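Numbers restart at 1 for each chain; the letters A, B, ... are given by sequence-line order, proteins then strands. Computed from a predicted model, the values in this text were never measured in an experiment.
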Amino acid sequence: MPLTALSSATPVPVDILRFNTCGSVDDGKSTLIGRLLYDSKSLMEDQIEALERSADITGGGQINLANLTDGLRAEREQGITIDVAYRYFATPRRKFIIADTPGHVQYTRNMVTGASSANLSIILVDARTGVIEQSRRHTAIAALLRIPHLVVAINKMDLVGWSEARFLEIRAQFEEFLPRLDIKDVKFIPMSALNGDNVVDASVHTPWYVGPTLLGHLETVHIASDWNLNGFRLPVQWVNRPNNPTDASLHDFRGFSGQIAGGIVRTGQKIIAFPAGIVTTVKQIWTYDGPVDEAFCPQSVTLVLEHDIDISRGSMLVGLDHLPGSNTELQAEVCWMHARPLQPGKRYYLKHTTHTVQVSVTEIVNKLNLATLESDPAPAELGVNDIGEIRLRAAKPLVFDGYAINRLTGSFILIEQGTNATVAAGMLRPPREIVKPENGDYVI
Amino acid sequence: MRPARRVGKKSRQRLSNAGKIAALMSSYHLDHLQHLETEAIHIMREVAGEFERPALLFSGGKDSICLLRLAEKAFRPSDLPMPLLNVDTGHHFPELNEFRDRRAKQLGGKLIVRTVEDAIAKGIAQPAPGEISRNRLQIPTLLAAIEEFRFDCCIGGARRDEEKARAKERFFSFRDSFGQWDPKNQRPEIWNLYNGRLNQGENMRVFPISNWTEMDVWEYIQRENLEVPSIYFSHKRPCVRRGGQWLPVNALVPPKAHEEVRELVVRVRTIGDIISTGCVESPATTTGDIIAEIAAARVTERGSRADDKSSEAAMEDRKKAGYF
């Protein structure tokens, strides 16, 4: 069935904004999310009832908005958020996916989990304490992950008498280190999540603040396309070959299924299939809803090609313009997420797009000092929550882009052999040289 | 096959001439359902690519109906590269099982059903004295089926907006050799890179529609014109008032003398076992009616499921024990 207009009772959200909240323990993240849901009328009666039930038992009658998101036993026991919690709400203007990411220092890996796919990050700061190392760490991670928009929510303003001077002071603390990070869009909002000031409704206590409320900003911030539409990339996930099809036209069907990780593809277009390095033509773009002339990132499609080439899961189909790099020697920034530190010389599995290869770490180039945001050269190791730059050698070449150009073809995870633990998130530096299609090898 | 067209063309036709330049700029745009769909298809194909023996949990409920359509979108024109698996508690609504069997047949999918009844008979599942609910007994039944067929991955239709413990679960939810979920020790999930590596005996549960809300599910059912079991729509049914809810009158827990019984015009919002699924009074006879009803609803979907109300952490406890 084609796209039909939905009943008029339901305004159709035009797009999705994904955001995450980060701050240290007690900055009020969960309270802020609870307030957003509560004031935007996204909470249901039974959820409010459940809140009231737990308020009677544990909170001395006071509703604790944090209980909305802190659902695990250990979280309630310790009064902290342990794991990324996802929440959903919609206003007539937009649909929102929130990743509530814990601020507890040992759970920074969860912030990376929650933030990696976000359009926007909210960094919470307690107006009484101002910028602390956690604020710098979270801002640095947001910058590293290249999250397009940042909101600094200066919370608990009620506890500093709604002082504009204090607000400006904290903003200045941020502006001191922001230039060292690559962040383009930052918004500062004074608020009290507990009392609901400037979250959904504008506060009467901040006549000196002329900007939008948090929700107002979330509803209107321009989500510049996160997706790269310049160089066509299709990491092959699955080879689609029907067994004994009843439809005779499918007897020779051989399609390559995947999610487009960059660019646009059209029927008749020439592409290169890696690692074979052979040029061929797109014969058909097959989808369940019928063939299409054109498809774009991040659509999931199945391509039928002109020539019979050796292509399997882990292969990459790329367009002839904006070519990627292909190399076994790699350089990347990593966020280390495991208690066992990164050891030079140790072998890991590296998963990049749909391709998993063995790698060994050849060098730790530097480590980011979160107090100064400067790099310390040649550290002995990278421990849990450390961010640093490393060099790797892969058993087979990776076909990749720099992370700054394409999040999907420039990112990887490292997996420890044996335990299968995911130990690092990596962002590739741009390739030193790109592949050269004019080379005779690429022509069939 | 339909004639070739650009993806998303329909939505652009609605734009006025004045907006044409803007439309050109934004024509490579997916709406929220298309975003959720491509995310889910990507996850389905990762499962097909990374696991040896996956299965898709199909109950016939609305969430798994969406899963099946997503599987078709991910794998056609091939056959689905995995069988469908259902744990039948013996307390299912008959309408649900009829639909489940018919839909599986339509798709040419292989349907495997394992029953709690059978698991009890074999001593795999042991009811506590006086335990009527089959909710807990589904767990050993499921784990036995996983072992029997050596499934290394089960795709399920759980959504994070359903419940607080689910809100914390990853797309790829790692389970140890006892089927247990450890919420404190989950694998970080970054970008769209899922770590599906397992050691012998370990298992993965994968939830492609984690990010979907109840509203998204119904909007998708409407957009894709999917059939759902008749009990989702308004019908006449004798109901008994129990625990603040209207439960369907059934032979398993017949109404007691003091209990109020009424014939009501109801539908179910979420389908669990017949003894614990609350019916809501509703005139909704079409998918559009249901969407309008949910938009105006003031209670959550799981508000009508007695199995989740037993404690604040009911779902977490069941998942730790190996539940879906």
Side-chain angles (χ1 to χ4, degrees), chain A residues 1-4 6-7 9-10 13-16 44-47 54 71-74 82-88 95 97 109 112-113 116-117 229 237-238 240-243 245 250 253 257 259 288 290-296 298-300 313 337 351 354 407-408 411 413 415 420 422 425, chain B residues 1-2 4-7 10-11 28 30-32 35 38 41-42 45-46 48-49 72-79 160-161 164-165 167-168 183-184 186-193 195 197-199 210-211 213 215 219 222-225 288 291-292 295-300 303 312-313 316:
Chain A
M1 200 174 78
L3 309 179
T4 39
L6 300 171
S7 93
T10 52
V14 286
D15 53 14
I16 293 183
M44 300 292 173
E45 282 164 10
D46 54 324
Q47 291 173 308
S54 64
L72 301 175
R73 277 183 192 285
I82 285 177
D83 210 288
V84 186
Y86 294 89
R87 292 288 148 194
Y88 305 83
K95 199 177 155 64
I97 300 180
R109 61 181 204 157
V112 177
T113 294
S116 65
S117 56
L229 290 177
Q237 284 188 280
W238 192 69
N240 196 325
R241 298 188 69 177
N243 282 326
L250 292 176
F253 187 93
S257 299
Q259 183 176 30
Y288 177 81
V292 294
D293 292 335
E294 182 180 67
F296 56 92
Q299 289 181 317
S300 288
R313 176 173 169 83
M337 300 186 291
K351 184 173 181 185
T354 59
R407 269 190 186 189
L408 298 178
S411 56
I413 54 172
I415 299 167
N420 293 328
T422 304
Chain B
M1 242 176 225
R2 287 179 210 175
R5 62 172 171 87
R6 259 182 154 198
V7 177
K10 271 267 158 47
S11 58
Y28 300 108
L30 300 180
D31 72 12
H32 73 287
H35 258 291
T38 188
I41 291 172
H42 174 257
R45 288 171 172 170
E46 283 301 280
E72 288 185 276
K73 293 209 174 192
F75 304 121
R76 294 298 187 213
S78 287
D79 293 335
R160 289 172 177 156
D161 84 322
K164 275 186 284 196
K168 305 236 159 180
K184 280 189 179 179
Q186 301 194 74
R187 291 179 179 175
E189 235 164 49
I190 309 133
W191 301 292
N192 62 353
L193 297 171
N195 174 0
R197 298 189 83 89
L198 297 174
N199 288 320
S210 290
N211 274 336
T213 63
M215 180 64 103
E219 285 179 355
Q222 184 177 56
R223 180 176 288 185
E224 293 292 321
N225 204 11
I291 289 171
R298 292 308 307 149
V299 293
T300 64
E312 276 282 1
E316 180 185 352

Side chains of [X] and [Y]: closer than 4.5 Å at any heavy-atom pair?
X       : Y       : result
R197(B) : I415(A) : yes
R87(A)  : D161(B) : no
P188(B) : V112(A) : no
K168(B) : V84(A)  : no
S411(A) : L193(B) : yes
T422(A) : E189(B) : no
N243(A) : S78(B)  : no
Q259(A) : T38(B)  : yes

Checking I97(A) against chain B: side chain, backbone, both or neither under 4.5 Å from a heavy atom? side chain
Under 4.5 Å heavy-atom distance to chain B, tell me which part of Y86(A) shows up: side chain, backbone, both or neither. both
Do Y88(A) and N211(B) pair up side chain to side chain, a donor and an acceptor below 3.5 Å, judged on atom types alone? yes
Classify the side-chain pair T354(A)/E46(B) by whether it contains a donor and acceptor separated by less than 3.5 Å. no
Please enumerate all residues that pass ring-ring contact (aromatic ring centres under 6.0 Å, His included) together with F75(B), with sequence neighbours excluded. W238(A)
Does I190(B) offer a backbone N or O that forms a donor-acceptor pair with the side chain of S116(A) under 3.5 Å? no
Heaviest contributor of heavy-atom pairs below 4.5 Å to chain A, chosen from P77(B), S210(B), A48(B), is P77(B)
Only pairs of heavy atoms separated by less than 4.5 Å count here; which of K73(B), R45(B), R187(B), E72(B) has the most with chain A? R45(B)
Working to the nearest 0.5 Å, report the span between OG of S300(A) and NE2 of H42(B). 7.0 Å
Rounded at 0.5 Å granularity, tell me how far CE in M215(B) sits from NZ in K95(A). 8.5 Å
Tell me whether the guanidinium CZ or amine NZ of R76(B) lies under 6.0 angstrom from the six-membered ring centre of Y288(A) and within 45° of its axis. no
Okay, H35(B) and chain A: the region with an atom under 4.5 Å from a heavy atom over there is side chain
Apply side-chain hydrogen bond (donor to acceptor under 3.5 Å, both in side chains) to the pair E294(A) and Y28(B), showing each step before the final yes or no. CA-CA 10 Å; E294(A) 182 180 67; Y28(B) 300 108; 3.2 Å; yes
Greatest number of non-hydrogen atom pairs under 4.5 angstrom with chain B, of L408(A), N240(A), I413(A), falls to N240(A)
